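Would you mind keeping the following structure in view while I ask a few things?
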Amino acid sequence: MKFTRLHQWTTDIKEAARIQDNLSHFIEVKPSKKEYSLIAGADTAYSKKDNSVFAAVVVMRFPELVTVDRARAQTMANFPYQPSYFAFREGPVLIKAMQRLTVSPDVIMFDAHGIAHEKGIGMASHLGLMLDVASIGCAKKSLIGDYDEPANEMNATSPLNLKGRQVGTIIRTRVDVKPLFVSIGHKIDLETALELVIAATRGYRLPEPMRVAHILSNKMRRNYDGRLRGPGPYRMRQFE
DNA sequence: GCGACAG
DNA sequence: ATCTTGTCGC
């Protein structure tokens with residue numbers, strides 16, 4: 001799939017903040033299509049040896065949830081880990097992987113927040129805009145906003161509010177797991193986003209596309225760090 | 001000034 | 001995110 005280089009990836013926080021201010025106005029919170037037959041999930045993994053970042057994208061036919069395409073990419077992380085600026089750290093490698101897809105998904109789920117962001121443009125929204133595709137923010141932790149813990153029941157939800165406005169929904173996809181923070185990414189509404197998350201979940205905490213992408217990106221990292229470890233004395237178990 | 005703080 | 005062993009439960 002293609003994308004529009006709306007701006008240059010920067011390393012400067014202030015410039016990144018400026019870019020977010022400019023792009024936030026273009027985020028659409030309404031669906032641009034009615035059917036989603038191809039849903040994708042994306043995730044990244046970090047090397048523990050250097051600044052390598054691995055991205056994996058998995059596209060599945062919906063609602064069957066059969067994988068129809070996958071893509072991977074690797075880059076060096078330039079931007080530092082900085083809450084609220086994830087797009088500048090993981091965006092490059094994720095976009096690179098997306099460009100390698102042979103099919104164009106109708107919606108992409110990111111392991112990040114969408115409009116549940118101080119400037120209303122978390123990575124899910126930011127990348128959805130650059131890729132001009134519907135996107136959903138599906139984070140595992142809170143970034144901003146007030147909320148109550150959902151009941152410990154499958155699909156129990158609770159609103160995520162920010163400045164008196166609901167910017168997302170927290171949902172426990174299965175009993176005894178930490179809930180997910182779902183928010184609009186781009187070109188979609190919260191209700192639809194939540195429906196897709198629920199319909200794409202199959203007994204695990206994460207929706208299938210994201211779960212598989214997570215496993216894939218993690219394999220990439222392990223393979224990289226593993227072979228980078230190279231020859232040498234095997235690390236023996238420490239007894240003291 | 002202090003606490004919070006996506007991966 | 002990654003570092004890490006065992007352990008509790010289905």
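Labels below follow one simple rule: chain letters A, B, ... track the order of the sequence lines, proteins then strands, and each chain is numbered from 1. This is a predicted model, so every value here is computed, not measured.
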*Return the stacking result for dG7(B) and Tyr81(A): yes when the ring centres lie under 5.5 Å apart and the planes under 30°, no otherwise.*
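Ring-base stacking flag set for Tyr81(A) and dG7(B).
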For nucleotides 7-10 of chain C, which of its nitrogen or oxygen atoms have a protein nitrogen or oxygen under 3.5 Å away, and what is each distance?
none

*Any chance you could measure Glu153(A), atom CD, to Arg174(A), atom CZ, to the nearest 0.5 Å?*
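It is 14.5 Å, given to the nearest 0.5 Å.
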_Phosphate OP1/OP2 of dT2(C): any Asn218(A) side-chain N/O under 4.0 Å_ =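 Checking Asn218(A) against dT2(C): at least one side-chain N or O falls below 4.0 Å of OP1 or OP2.
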*Strictly under 6.0 Å, is that where the ring centroids of His113(A) and Phe86(A) end up?*
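No - the distance between ring centres of His113(A) and Phe86(A) does not fall below the 6.0 Å cut-off.
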*If you look at every strand shown and take non-hydrogen atoms under 4.0 Å, does Phe79(A) touch a base, only sugar-phosphate, or nothing?*
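The answer is nothing, as Phe79(A) stays clear of every strand by at least 4.0 Å.
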_For a quick check under 3.5 Å, do Thr11(A) and Asn78(A) share a side-chain donor-acceptor pair by atom type?_
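Looking only at side-chain atoms, Asn78(A) and Thr11(A) do not form any donor-acceptor pair under 3.5 Å.
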*asked:* Holding to salt bridge (Lys or Arg N to Asp or Glu O under 4.0 Å), I want the full list of residues that pass it with Lys141(A), two or more places apart in sequence or in another chain.
replied: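 Per chain and number, Lys141(A) pairs via salt bridge (Lys or Arg N to Asp or Glu O under 4.0 Å) with no residue.
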_Counting only side-chain heavy atoms from C-beta out, which of dT2(C), dA6(B), dG7(B) sits nearest to Ala45(A)?_
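Closest nucleotide to the Ala45(A) side chain: dT2(C).
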*Among side-chain atoms of Ser158(A) and Asp148(A), is any donor-acceptor pair under 3.5 angstrom?*
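On atom types as modelled, these side chains do not qualify, holding no pair under 3.5 Å.
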*What is the distance, rounded to the nearest whole Å, between atom CG of Leu162(A) and atom P of dA4(B)?*
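That distance rounds to 18 Å.
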*asked:* I want to check a possible cation-pi pair here: Arg221(A) against Phe54(A), using under 6.0 Å from ring centre and within 45° of the ring axis as the test.
replied: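 Not satisfied by the 6.0 Å and 45° rule.
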*Side-chain donor-acceptor pair under 3.5 Å between Tyr46(A) and Asn51(A), yes or no?*
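The criterion, which ignores hydrogens and geometry beyond distance, is not satisfied for Asn51(A) and Tyr46(A).
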_Interface residues of residues 123-144 of chain A with DNA chain B (non-hydrogen, below 4.0 angstrom)_ =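 Only Met123(A), Ala139(A), Lys140(A), Lys141(A), Ser142(A), Leu143(A) qualify.
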*May I ask you to say what Arg221(A) touches in the nucleic acid, namely base, sugar-phosphate or nothing, with a heavy-atom cut-off under 4.0 Å?*
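It contacts sugar-phosphate atoms only.
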*Nearest 0.5 Å, what's the CE-CD1 distance between Met109(A) and Ile136(A)?*
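Reported to 0.5 Å precision, the distance equals 4.5 Å.
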*Mind calculating the distance between CD (Gln82(A)) and C1' (dA6(B)) to the nearest angstrom?*
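From Gln82(A) CD to dA6(B) C1': 12 Å.
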_Between CZ on residue Phe88(A) and CD on residue Gln82(A), distance to nearest 0.5 Å_ =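 CD of Gln82(A) is found 11.5 Å from CZ of Phe88(A).
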_Spacing of Ile13(A) atom CD1 relative to dC5(B) atom P, expressed in whole Å_ =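 After rounding, the gap between these two atoms is 18 Å.
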*Can you tell me how far the CD atom of Gln74(A) sits from the OG1 atom of Thr44(A), to the nearest 0.5 Å?*
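Rounded to the nearest 0.5 Å, the CD-OG1 separation comes out at 12.5 Å.
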Extract all donor-acceptor atom pairs below 3.5 Å that involve side chains of residues 163-171 of chain A and protein atoms in other chains or at least two apart in sequence.
{"residue": "Gln166(A)", "atom": "NE2", "partner": "Gly168(A)", "partner atom": "O", "Å": "3.0"}
{"residue": "Gln166(A)", "atom": "NE2", "partner": "Thr169(A)", "partner atom": "OG1", "Å": "3.2"}

*Please state how far atom CG in Leu94(A) lies from atom P in dA6(B), giving the value in whole angstrom units.*
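The answer, rounded to whole Å, is 17 Å.
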*Can you find a side-chain donor-acceptor pair between Asp106(A) and Ser37(A) that sits under 3.5 Å?*
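Asp106(A) vs Ser37(A): donor-acceptor pair found between side chains.
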_Secondary structure string for DNA chain C (Watson-Crick or G-U under 3.5 angstrom, | for other-strand pairs)_ = ..........
*Duplex segments of DNA chain B, taken as runs of at least three Watson-Crick or G-U pairs that stay under 3.5 Å*: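 Detected stem regions: none for this strand.
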*Shortest side-chain distance from Thr44(A), nucleotide among dA6(B), dG7(B), dC3(C)*: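 My answer, after comparing the listed nucleotides, is dG7(B).
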*asked:* By the definition side-chain contact (heavy atoms from CB on, under 4.5 Å), identify the one residue from Val133(A), Ile95(A), Ile108(A) that meets it with Leu127(A).
replied: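 Going through the options one by one, the only one that passes is Ile95(A).
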*Check Thr173(A), Leu206(A), Leu196(A), Leu180(A) against Thr201(A) for a side-chain contact (heavy atoms from CB on, under 4.5 Å) and give me the one that passes.*
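So, applying the side-chain contact (heavy atoms from CB on, under 4.5 Å) to Thr201(A) and each of Thr173(A), Leu206(A), Leu196(A), Leu180(A), only Thr173(A) qualifies.
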*What nucleic acid atoms does Asp43(A) come within less than 4.0 Å of, heavy atoms only: base, sugar-phosphate, or nothing?*
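Here Asp43(A) touches the backbone only, sparing every base.
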